[in-house]
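The structure appears below as structure tokens.
Residue numbers begin at 1 in each chain, while the letters A, B, ... track the order of the sequences.
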Amino acid sequence: MSDTSPFPTAPAAPPAASPDRLHVLARRILSRCLGSVGVLLAAATVSFLAMHMMPGDIVSAILGGPAADPTPQTVAAAVREYGLDRPLPVQYGLYLDRLLHGNLGTSFSQHLPVIAVLRAELLPTLELAASALVLAWLLALASVLGTVRRRSWLSALGSGLETVGAALPQFWLGLLLLWLFAFTIHLLPPAGSDSVAALVLPTVALAVPLGGFLAQVTREAFEIALDQPFVLTARARGLGDWSVRTRHVLRHALLPGISLSNWAVGALIGNAVVIETIFSRKGIGRQLVLGVSSQDMPLTIGIVLLVSLTYVVAGFLTDALYVLVDPRLGARR
Amino acid sequence: MSGKRLVVERLCVGFGAGAAHRRVVRDLSFTVEPGRAVALVGESGSGKSVTARSLVGLAGSTAAVSAQRLSFGPHALRALPEPGWRSLRGREIGFVLQDALVSLDPLRPVGHEIAEALAVHRWGTRSGRRDRVIELLREVGVPEPEFRARQRPDQLSGGLRQRALIAAALAMDPGLVIADEPTTALDATVQAQILDLFGAIKARGSGLLIISHDLSVVSRLADEVVVMQAGRAVEQGPTAQVLGAPRHPYTRSLIEAVPGTHPKGTRLAGLGRGALCPQPREPERKPAPVVLEAIDLLKRYPGPDRDERAAVDRVSFTLRGGQTLGIVGESGSGKTTAARIVLGLVEPDGGRVTLDGNAWVDPGRIVERQRRGRRRAMGVIYQDPLGSFDPRWTVGRILSDALDAAGVPRAGQDGRIRLLLDRVRLTADHADRLPTHLSGGQRQRVAIARALATEPRIIVCDEPVSALDVSVQAQILDLLADLQADLGVAYLFISHDLGVIRHVSDEVLVMRHGRVVEAGPVETVFHAPRHPFTRQLLAASAAA
Amino acid sequence: MSAGLLDAAAGSAAAEAGQAGSRRPALRVAPALAGLFLLFLLLAAIAPDLLSHTDPLAIVPRDAFRPPGWAHPFGTDQSGRDIFARIVHGTRQSLLVGLGATGLAMAAAIGLGLLGGLCGRVAERAVGWLVQVMFSFPVLILALLFAASFGNGIVPLVAATGIGSAPGYARMVFGQVLSVRDAGYVEAARALGHGPLRIVRAHVLPNAMRPLVVTATMGVGHAIMWASALSFLGLGAPPPRPEWGTMLSMGRSFVANAWWLTFFPGLAIVLTMLSTTVLGRALQRRLEGRTA
Amino acid sequence: MTRVAVAAVAGVLLLLGGCHKAATRQAASGRPVRGGTLVFAADREPICLDPHVGGNMPQVFVAAQYLDSLVSMDEHGAIGPWLATGWEVSPDGLTYLFHLRHDVVFTDGTPFTADAVKANLDHMANPATQSSTAGGYIRQYAGTTIVDRYTAAVHLSAPYAAFLDVLAQGFLGIESPAALRRPRDENCQSPVGSGPFRIVRWDRQNEVVLERNPAYHWGPPTARHTGPAWLDRIEWKIVPEASVRFGSLQAGEVDVIDDLPPEDETPARSNPDLSLLASDRPGNPTNGTLNTRRAPFDDIRVREAFIRSADIEGALGSVFFHHYRRAGGPLSPTTPDYSADFEHSKDYDPHRAALLLDQAGWTGRDADGYRTRNGRRLVVHVPVAATMWEADRNLWEQVQATERASGFDMRLEPASEAAVYAREGAWNYDLILGYWNTNTPDVLRIIFSSQFLGAAGVAGSHQNASGFSDPAFDALAQQALGTPDPAQRAAIYHRMQAIVASQQLQITTYPQTTRLGIYRTAHGVRLEPSLRVTSLYDAWVTK
């Protein structure tokens with residue numbers, strides 16, 4: 001325990017805008033970028049280590065499994081190319097060096113540059129994640145706006161549904177949806193990566209649990225905001241209940257959900273792993289499972305890096321959105 | 001201004017149903033004439049805020065409001081449906097709450113909030129409303145209204161945002177303004193300005209219903225006072241009459257509890273003890289030894305623009321044994337930081353503090369480990385006692401923890417705890433309670449007991465009574481005075497309230513922007529202030 | 001979803017839900033039901049034979065794909081094994097995974113949180129950064145990487161799930177330690193002259209842990225779900241051991257013709273998640289009720 | 001290759017049944033229609049579209065649509081012309097002289113000549129290609145001399161009677177020599193052949209798109225029509241989830257699915273919109289191979305006990321709903337020179353298993369009911385890839401249960417594919433699961449002769465997973481390759497099957513099988529006879 005508290009009761013800041021505001025902003029962006037580089041570095045490191053800890057043999061993985069029956073010369077060449085005979089720290093250095101030069105390498109299992117694989121696979125996953133995020137928010141908003149502090153049974157119903165929704169595992173929900181909509185009533189196609197109709201079921205499977213979760217958080221914040229004095233003031237001004245909810249309270253209630261959306265994007269992409277598998281959809285999630293199971297190191301690391309990058313970008317967007325909704329932060333931080 | 005009259009006859013408000021029904025307002029009647037001000041005065045829980053909310057139909061869906069008559073001008077308010085209320089609110093009745101930081105939507109510019117009050121009632125066009133917002137802000141005395149309208153409440157000073165809040169309430173030129181504690185969170189000087197503004201509103205012909213726990217606010221503005229206790233009006237009548245010749249004992253106790261008018265050594269909470277001032281103390285003549293000395297304290301914090309601001313700027317003072325040194329100043333004046341330096345909780349950037357003539361705080365020379373053993377000589381009481389208690393601990397555990405620090409063996413602690421509780425007028429069974437289950441006054445007593453546990457010679461009191469109702473405040477101040485008399489403990493007493501400072505202090509330090517602007521014996525400072533800021537403070541507090 | 005889930009939900013809830021007004025008294029039944037279900041699970045974990053006399057491993061090919069009925073309340077799977085018996089016997093494993101992973105995650109989180117909160121500015125910065133970085137990994141991906149590198153089996157599954165969910169807890173503990181560190185009662189204790197060790201022991205640790213109890217309760221359910229997701233991807237327990245996630249995964253090819261193969265194991269997971277969530281919330285309400 | 005009668009066992013009957021069913025519907029829908037797109041859903045994605053590289057079944061599935069072979073094989077195993085109009089084999093069996101068609105052009109415009117033959121065989125034999133299947137089949141390849149533009153002489157280092165058979169397989173399809181000169185990975189993405197379709201696009205994990213080759217008029221004699229393919233286009237979708245694949249078929253989202261899940265076979269048969277086309281593939285059936293190099297399976301009695309403890313029939317009944325036939329011998333019934341004599345040599349017999357285990361000294365029983373010897377439990381380690389087919393996993397779980405009854409602690413140990421490969425390379429297993437599809441009994445040499453014990457690479461990959469090494473067996477295998485007379489050769493292969501069966505090296509389960517589900521919109525889908533691979537050359541759609 002340090003003897004001086006690092007967070008003293010700071011004197012009140014002068015309200016006027018400071019001329020150094022731009023400076024501060026620039027510094028903030030810079031530190032943010034450095035942090036992002038850190039995130040990517042850590043992602044690379046973790047996946048590098050994980051891949052090296054895997055029980056399989058990397059050389060045989062590089063050369064396409066035991067069926068490849070490689071000659072000793074081929075093996076030696078691969079060992080040299082990837083520096084596999086060097087000590088691990090040296091390998092790590094070589095690997096970082098390649099990364100820094102933008103070289104993600106060639107996928108062992110796909111016989112394609114990793115970049116090309118990622119380029120082809122990212123879009124379907126993003127499409128799925130984005131549509132699920134939007135749907136999740138719609139569900140959450142509908143539930144919160146419609147049921148918070150309404151009639152007690154309605155409110156209980158809303159919060160109950162949210163709790164149940166948040167407790168549904170995506171893979172199970174996905175299977176149930178498949179069974180019901182694709183196999184039993186044949187309403188929607190069970191698979192595919194191209195059509196909009198094929199996007200519906202996976203989107204719902206991802207969105208319902210996330211929506212339930214976002215709704216819980218938003219509901220909490222909504223209830224707190226409803227008890228704030230400004231709500232009373234607004235109503236005393238003559239505003240109706242609906243207007244107060246949508247114009248004032250909602251904006252406050254959105255904040256925790258928005259700050260979680262960053263994490264939600266990551267979670268969606270993570271969960272796409274199972275959903276893409278169930279629905280036989282193209283995407284980086286399924287590719288990741290394949291990459292891990294065939295110990296395709298460049299591909300796996302490439303995907304993990306890409307996911308981290310998505311997370312970082314989503315972080316920037318979330319922050320921007322947050323400041324848009326809560327301008328106090330833009331001025332204060 | 002249309003002359004409309006608010007009539008309230010036998011208002012009752014209750015919450016909950018069946019056996020759980022609680023009545024919080026009973027048989028309350030009063031009338032607010034246009035151009036006149038009525039004040040509802042009472043301590044927390046007396047039902048005054050609920051009354052105010054009932055008058056705009058916002059007591060909440062669980063509230064049961066009934067009255068023999070409830071009308072505003074031609075409008076019958078009893079059983080008014082929600083759309084009726086909505087057209088009334090804002091247009092006919094303006095409503096002002098305390099603390100504009102949270103009473104205005106913190107995420108929106110104040111201009112939008114004011115404009116919304118107009119838009120709700122379909123006033124004018126968009127650009128017309130924009131002009132009206134500027135005009136309103138100017139009317140309530142906001143400088144540079146075009147610029148301020150674009151700022152959010154957190155970007156405005158306390159006074160300005162309270163003005164903006166009032167501007168929003170006045171937007172539709174309502175015949176009645178209800179103000180619930182409109183000046184409570186403000187510094188004295190700002191408080192005076194806001195009260196002037198309400199005076200102006202009244203003068204324009206609007207009726208004014210002021211809700212306050214503060215008698216001084218009332219005496220300044222109200223034509224009529226309703227004193228509430230536990231949901232009932234115990235006394236009501238013209239202001240001069242109620243304040244000048246209170247008939248009900250509760251009213252009297254409220255008036256007596258105000259510390260500013262009583263010199264040190266008089267009791268404030270005289271009820272139940274017979275006399276008002278039973279034991280005026282002999283002022284001590286012989287100078288007591290200096291127990292604490294602060295020399296040239298300096299503390300800087302980085303401001304938002306990386307420039308350092310001095311929160312405490314070359315502050316020096318001495319505290320003598322058994323005496324009280326009061327530090328007074330508005331928020332942000334550096335008085336709390338000074339106290340934390342003295343407590344050895346914040347390392348200063350310069351200066352030093354001696355305790356009983358030995359170095360106590362001296363950056364670079366004294367480290368916390370050297371202080372730790374001597375800490376029992378100095379106790380502390382905070383404004384928010386609850387925050388200073390571990391939420392899991394009972395009162396007994398809290399006190400035993402302090403006794404541990406004082407080196408009292410576990411075996412003897414139970415008796416000491418009972419003694420301490422007795423000292424602060426709590427009973428032994430309080431030891432098993434959690435602080436969350438105690439009232440504000442009781443909590444502060446526990447805090448005092450904890451401070452006393454180590455038998456300190458000095459107690460630093462940081463705004464110890466600011467969060468308390470006036471009658472409770474009186475009891476705590478009396479308790480502190482008794483303890484000083486009995487134990488000879490010295491207080492470093494920090495407050496923004498001049499009345500309190502005047503009542504408790506022997507010596508006074510007036511601080512502003514981190515500096516001491518005036519120091520001296522309490523009567524000298526209060527009777528012959530030399531610094532203009534001190535005069536300004538005194539004027540504001542007298543005006544209020 | 002979401003380990004971040006717990007951290008976020010409980011974190012924000014614990015932090016922000018101070019004065020939320022009227023709570024739903026109607027849901028009081030829910031915690032009771034949740035508790036009952038968890039007791040049932042506990043019984044199933046300790047003495048599965050009390051609940052089901054059928055051998056979960058007994059293969060009866062001619063009884064394959066029997067729909068739910070009297071003889072088999074949850075039906076039978078492709079090998080004629082009783083699904084109810086398999087779920088009951090799988091409980092111990094699933095609970096162990098949930099508890100083990102949560103315990104592991106908490107241990108890691110507490111270590112990090114204390115290190116960052118109490119060991120000076122450099123440690124604070126470093127831990128803050130580390131937690132942020134770890135948090136930026138989707139749980140499932142982190143767990144997937146670790147599960148793959150540890151190999152298959154129960155211990156790797158616990159380790160992977162634990163490591164996957166640790167960042168959420170770490171973020172929470174860290175924040176909590178920081179806030180407790182600056183709490184009034186810590187300062188009061190310092191002003192009394194108590195030493196740093198005593199303050200950590202008496203105040204910082206217990207108070208930082210308090211919201212964690214709630215989160216951990218909910219976390220057990222989440223860990224079970226994560227572990228089943230890993231099992232679902234084929235990184236779970238080796239057959240023929242009954243395990244909910246594996247059962248779900250194995251049943252999925254039959255979903256069109258024999259829904260009960262996937263429905264019931266999934267239901268067990270959902271009910272467990274729900275129960276821990278509801279119970280955690282109830283616990284949270286009680287804890288808050290005491291402080292607020 | 002006179003095993004006509006043998007080759008026409010149940011698998012082909014099934015095929016005919018399927019054809020018959022399809023035929024009735026063809027009659028209803030009339031004559032083939034030109035144009036349209038056929039959507040095909042496959043269960044697995046090829047690693048590389050060029051079947052020379054590596055060599056896994058999905059590669060040859062796609063290859064059959066865009067590649068032609070030098071020779072063709074008919075349903076009875078008889079070799080016929082294709083890109084080669086004729087051939088002569090030298091008396092010592094070491095040189096094959098191929099006379100080529102003059103009119104064939106690859107879809108990139110390169111003409112098909114003797115150069116192409118040389119380039120392709122060289123490519124397959126080149127270790128850099130990492131061609132384990134095609135390369136493995138032609139280890140005897142010594143080189144090609146170009147006699148003239150349309151005549152190539154292929155030289156072998158040793159007699160290889162199965163040479164023409166394997167040449168008929170899609171794995172050894174002929175690609176454009178110009179395309180082959182590109183880097184391996186580029187050729188993987190967009191290989192070029194002379195077949196009825198050409199590859200337009202490969203969208204990984206999603207689909208391979210093929211379009212008709214309008215110039216095509218050199219179809220094999222096994223085809224039902226001549227000239228270009230009827231279809232304009234094939235969308236070859238990758239749909240790994242079995243339930244989703246079948247669901248899509250039922251909904252008519254796709255026209256044909258590969259690998260119809262066994263559990264959906266009954267619904268498929270009763271659905272008037274669907275028809276089934278199934279045929280067993282030749283080669284070594286789906287199996288678990290016992291590692292004879294370490295305990296407990298270094299003891300033949302324990303091996304036999306283990307094999308006889310596996311109730312394969314029962315498992316096939318419940319997991320595969322009796323739709324899949326049992327394969328009890330080392331060869332699938334559709335393999336040339338297959339002998340039915342060994343079908344029941346290792347049937348389920350727990351009593352005999354118990355006897356054998358007692359003899360082998362595994363007499364103890366521990367608390368869990370497993371057998372022990374000298375205090376050690378009878379454990380069988382089985383590495384299982386996490387990506388294993390569900391039905392197979394179910395099958396082995398059932399085997400696990402019956403093994404448990406006999407006292408074997410059979411442990412299915414799931415791991416990533418890479419980890420399984422690594423264990424395989426290190427001989428770190430007691431039972432390894434696999435199969436081998438090929439159209440020649442020479443497969444016995446590949447999986448049981450000491451020639452293929454491998455240890456070439458670091459991973460020590462070896463096709464002979466049992467570790468069985470018997471000079472007499474090796475000699476027989478060599479002798480068979482040098483025996484041009486079919487009857488003599490059949491006799492040798494019979495002896496080889498007998499040795500393998502008696503040595504208790506494998507639990508064989510069911511023959512690998514091609515099972516297509518066909519929606520009513522698709523017609524004329526055919527299985528190419530050499531490996532029973534789907535051919536869409538004759539297919540058309542009515543939509």
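- Counting heavy atoms from C-beta on, the side chains of C:Met273 and A:Pro169 never come closer than 4.5 Å.
- For A:Leu178, no part sits under 4.5 Å from any heavy atom of chain C, backbone or side chain.
- C:Ser228 touches chain A through backbone and side chain together, each having a heavy atom under 4.5 Å away.
- With a threshold of 4.5 angstrom between heavy atoms, A:Thr300 approaches chain C through side-chain atoms but not through N, CA, C or O.
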side-chain contact (heavy atoms from CB on, under 4.5 Å) between A:Leu260 and A:Phe213, intermediate numbers included: CA-CA 10 Å; A:Leu260 281 175; A:Phe213 171 62; 3.8 Å; yes
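- Separation of the C:Phe263 and A:Trp172 ring centroids falls under the 6.0 Å cut-off.
- If you measure heavy-atom distances from A:Leu173 to chain C, you find no contacts under 4.5 Å at all.
- For C:Leu274, the parts lying near chain A are the backbone and the side chain together; criterion is any non-hydrogen pair under 4.5 Å.
- Within a 6.0 Å sphere centred on CD1 of A:Ile185, other residues, nucleotides and ligands contribute more than 12 heavy atoms.
- The choice from C:Thr277, C:Leu233, C:Thr272 that makes the most heavy-atom pairs within less than 4.5 Å of chain A is C:Leu233.
- Note that the CG atom of A:Leu206 and the CD1 atom of A:Ile275 stand 4.5 Å from one another [nearest 0.5 Å].
- For chain C, no part of A:Val312 is nearby; none of its heavy atoms comes within less than 4.5 Å.
- For C:Leu267, the parts lying under 4.5 angstrom from a heavy atom of chain A are both the backbone and the side chain.
- Taking a 6.0 Å sphere around CZ of C:Arg125, one finds it holds 12 or fewer heavy atoms contributed by other residues, nucleotides or ligands.
- In this structure, A:Arg149 fails the cation-pi test against A:Phe222, since its NZ or CZ atom is not both closer than 6.0 Å to the six-membered ring centre and inside 45 degrees of the ring normal.
- Contact of A:Thr277 with chain C is made through the side chain alone, with heavy-atom distances under 4.5 Å.
- Proximity to chain C involves both the backbone and the side chain of A:Val164, based on heavy atoms less than 4.5 angstrom apart.
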